[in-house]
Amino acid sequence: MEKINVNEEQCIGCGACVAIDPEHFDFNDNGLSSVISNENLDSANLTSALESCPTGAITKGEGNSCSKDECNCCSDCTNDENCDCGCENCDCK
Ligand code: SF4
């Protein structure tokens, strides 16, 4: 399933994505961007948010993020119970 991913190691919390596309992004408790929806992935605002991120932290695609729909962690996530990516957002375990 295609989904949005924010790499927390790259996000600097500038807020551009949250301002441009509040349907998909909000700040988490660490002041970094967090994905709040994986619906409507063809929206123009989402495309703008991806293009506006100054660090390239946002990606969209199958990627290797967790197969659980609610998980939107990092590019190190291995999708299984052996995942040790360490993201606070990881739901693999
Ligand atoms: S635009 Fe990029 S760097 Fe800025 S808050 Fe969003 S993900 Fe983080």
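Whatever order the structure lists ligands and atoms in, that order sets their numbers, starting from 1.
A distance of 9.5 Å separates CD1 of Ile20 from SG of Cys53, quoted to the nearest 0.5 Å.
Checking side-chain atoms of Thr55 against main-chain N and O of Gln10 turns up a donor-acceptor pair under 3.5 Å. Here the side chain of Asn7 pairs a donor or acceptor atom with the backbone of Glu9 at under 3.5 angstrom.
In summary, the atoms of ligand 1 found under 4.0 Å from a heavy atom of Ile58, numbered by their order in the structure, are 7 (S). Close contacts between ligand 1 and Thr55 involve ligand atoms 3 (S) [criterion: under 4.0 Å to a heavy atom]. Each of the atoms 1 (S), 5 (S), 6 (Fe), 7 (S) of ligand 1 lies under 4.0 Å from some heavy atom of Cys17. Of all the atoms in ligand 1, the ones that sit under 4.0 Å from a non-hydrogen atom of Gly15 are 4 (Fe), 5 (S). Applying the 4.0 Å criterion to heavy atoms of Cys53 picks out, from ligand 1, the atoms 1 (S), 2 (Fe), 3 (S), 7 (S). Within ligand 1, counting atoms from 1 as listed, the ones closer than 4.0 Å to a heavy atom of Ala16 are 1 (S).
Here Val18 has no heavy atoms under 4.0 Å from ligand 1, in either its backbone or its side chain. Under 4.0 Å from ligand 1, heavy atoms of Ile12 appear from its side chain as well as its backbone.
Looking only at atom types and distance, the side chain of Asn38 has no donor-acceptor partner in the side chain of Glu2 under 3.5 Å away.
The two residues Glu8 and Asn28 come nearest to each other via the heavy atoms OE2-ND2, 3.3 Å.
Atom 8 (Fe) of ligand 1 has its closest protein heavy atom at Cys11 SG, 2.3 Å.
In summary, no N, O or S atom of Cys14 is located under 2.8 Å from atom 8 (Fe) of ligand 1.
Between Lys60 and the options Leu41, Val35, Asn5, a side chain to side chain contact (heavy atoms under 4.5 Å, CB included) holds for only Leu41.
Side chains of Ser34 and Asp26 form no contact here, defined as non-hydrogen atoms less than 4.5 Å apart.
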